[in-house]
Protein chains: 2
Amino acid sequence: MAASQDNDVPVFQRIKDYLLAQIHAGQWREGDAIPSEPELARQFGVSRMTVNRAVRELTAEQVLTRVQGSGTYVAQHKYQATLVEIKSIAEEVRARGHRHRSELHLLERDKASELMAMPFGMKPGQLLFHSIIVHLENDVPIQVEDRWVNPAVAPAYLEQDFSQITPNEYLMVAAPLQGVNYSIEALTPPREIAQMLHMAAKEPCLVLKRRTLSQGEAASVATMWHPGNRYQFAGSF
Amino acid sequence: MAASQDNDVPVFQRIKDYLLAQIHAGQWREGDAIPSEPELARQFGVSRMTVNRAVRELTAEQVLTRVQGSGTYVAQHKYQATLVEIKSIAEEVRARGHRHRSELHLLERDKASELMAMPFGMKPGQLLFHSIIVHLENDVPIQVEDRWVNPAVAPAYLEQDFSQITPNEYLMVAAPLQGVNYSIEALTPPREIAQMLHMAAKEPCLVLKRRTLSQGEAASVATMWHPGNRYQFAGSF
DNA sequence: GAGTGGTCTAGACCACAAT
DNA sequence: TTGTGGTCTAGACCACTCC
């Protein structure tokens, strides 16, 4: 069989995949030069224009940087997010060509505190589902997701395997989204959060709080903590 | 002379500019089909590959959508989150029924550092306008606005009275907005910033960086520092 | 001067949509 | 069948960097 795989995948895309794989495998590190266009064209047995498209697109995606007359280099990683899009963090990480993994720290039924009862429009003491998950990008923690879920909207929440699907992805299916409130703040994290994110003491966190509405009631309230020194929201229009 | 303008601008970029101009001028509306690749190639007297690159990039930028076998269409505009609305902070404060006031800390002509030259697409040492303004809500500082402005786009910037109008308000009028990049981070502020915001040491700041484009070039690069304990971005949709 | 990326050409073959 | 986009080629010339 060899490694033919003529699966319809365009050549320029296969070259992109190859380059991303090399970077993720650590063959080429940040700042390293990658092979030149003529060299890649020779390796793949394609024309330079095809290689050019692959490399140009990866440059537009900020995976590579190019310097005319000099060469093409692996870009400095920036952990950027597309802000308030209701997108799964796992998808976001994978879209950057990186590896997503999550650690489940807590998944249980718990009573609503006074503070938590309010956004759900409940009385304190009513039962909610509560999960705490750490999301890692290439094994570096980038988010602690502290989420409370309304059992009326997603009764099977506790039975999910959150190593395979993110709470966000599950809720998107289980509870059709009607609306969202969010806020973004800069806060000093409590010690437990700082530990989970492998942060030095007193480093600031970028905190996104999000409340989603479904079927006319609050479905979920999530607080997402990100290390300030390696995560940012970004976008353009 | 006609409209030759061989200003070094690559042909594919000129085609992109043309297509964007047609859309902004309302010649083509959402959902309308635009001319086919061969047709554009004929109009511009270039090869189809060149047109293809222009159209493909605009598709990646979500300005156009393409359907193989059918044609190329103007995409539906996306209604972005309220988050990064280009709103004046003065307006925002007044909308809360509070009193806005600003203190001008600096307003001068200064040379672009290496770091500042990059987002403007200039070389270090070229002259830029630089202002630092503190915005107060009911006499409590809530934002330090550190702004660099391209003199080519707003030549009268230094003559404005920024106790009466915010830089943002002025630039909205002086330089019609074409695009925005932004990022949001949580950072520990340098001492001078912390002092201007009357913050305790080591408190985190919520930092919004925004680059605005006008007339095809970078008009302004602003870094806005907010005290983490009394400011947040919020919205809903 | 040799090597790099930046752009462009004038063809080509294919998959798909509309008719 | 015709027209559309999707991809690819095998050259080319240029601007730039590095030596």
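Order of the sequence lines sets the chain letters (A, B, ...), proteins ahead of strands, with each chain counted from 1. Only this structure's heavy atoms are used, side chains among them; waters, hydrogens and symmetry mates stay out.
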Engineer: Indicate whether OP1 or OP2 belonging to C/dG3 is found under 4.0 Å from a side-chain N or O atom of A/Ser36.
Structural biologist: no
Engineer: Which whole-number value in Å describes the distance from B/Met49 CE to C/dA12 P?
Structural biologist: 15 Å
Engineer: Atom CZ of A/Phe44 and atom C1' of D/dT9: how far apart are they, to the nearest Å?
Structural biologist: 17 Å
Engineer: Can you find a donor-acceptor pair, distance only, under 3.5 Å between B/Arg53 side chain and C/dG6 base?
Structural biologist: no
Engineer: Can you tell me the distance, in whole Å, between the CD atom of B/Glu39 and the P atom of D/dT4?
Structural biologist: 8 Å
Engineer: Does some side-chain heavy atom of A/Glu30 sit less than 4.5 Å from a side-chain heavy atom of A/Ile23?
Structural biologist: no
Engineer: For the pair made of CZ in A/Arg56 and C1' in C/dT4, what is the distance, rounded to whole Å?
Structural biologist: 16 Å
Engineer: Taking 4.0 Å as the cut-off, does a side-chain nitrogen or oxygen of B/Ser47 come that near to OP1 or OP2 on C/dC8?
Structural biologist: no
Engineer: So, A/Arg56 and A/Asn52: side-chain donor and acceptor under 3.5 Å apart, yes or no?
Structural biologist: yes
Engineer: Report the nucleotide, chosen from C/dC13, D/dC8, D/dC13, that has the shortest atom-to-atom distance to any side-chain atom of A/Thr50.
Structural biologist: D/dC8
Engineer: Side chain of A/Phe12: nearest nucleotide among C/dT4, D/dC8, D/dG6?
Structural biologist: D/dC8
Engineer: A/Asn52 side chain: which of D/dT9, C/dT7, D/dG5 is closest?
Structural biologist: C/dT7
Engineer: Measure from the side-chain heavy atoms of A/Pro38 and tell me the nearest of C/dA12, C/dC8, C/dG5.
Structural biologist: C/dG5
Engineer: Determine whether A/Leu197 and A/Cys205 make a side-chain contact, defined as any pair of heavy atoms from C-beta on separated by less than 4.5 Å.
Structural biologist: yes
Engineer: Under a 3.5 Å cutoff, is there a donor and acceptor pairing between the side chains of B/Gln143 and B/His226?
Structural biologist: yes
Engineer: Reading DNA chain D from 5' onward, which residue's closest nucleotide shows up sooner: A/Val67 or A/Gly45?
Structural biologist: A/Gly45
Engineer: What is the distance from OH of B/Tyr73 to P of C/dA17, rounded to the nearest Å?
Structural biologist: 11 Å
Engineer: Can you tell if the side chain of A/Phe12 reaches within under 4.5 Å of the side chain of A/Val46, non-hydrogen atoms only?
Structural biologist: no
Engineer: Output the rounded distance in Å from CD (A/Glu37) to P (D/dT9).
Structural biologist: 13 Å
Engineer: Can you tell me which nucleotide in C/dC8, D/dC8, C/dC16 comes closest to the side chain of B/Gln68?
Structural biologist: C/dC16
Engineer: Write down the distance between CD (B/Gln13) and P (C/dT7), rounded to a whole number of angstrom.
Structural biologist: 9 Å
Engineer: If I take atom CD1 in residue B/Ile15 and atom C1' in nucleotide C/dT9, what distance separates them, rounded to the nearest angstrom?
Structural biologist: 13 Å
Engineer: Heavy atoms under 4.0 Å, any strand shown: does B/Val55 hit a base, just sugar-phosphate, or nothing?
Structural biologist: nothing
Engineer: With the side chain of B/Ser70 defined as its heavy atoms from C-beta on, choose the nearest nucleotide among D/dT7, D/dT4, C/dA18.
Structural biologist: C/dA18
Engineer: C/dG6, OP1 or OP2 - any side-chain N/O from A/Arg66 closer than 4.0 Å?
Structural biologist: yes
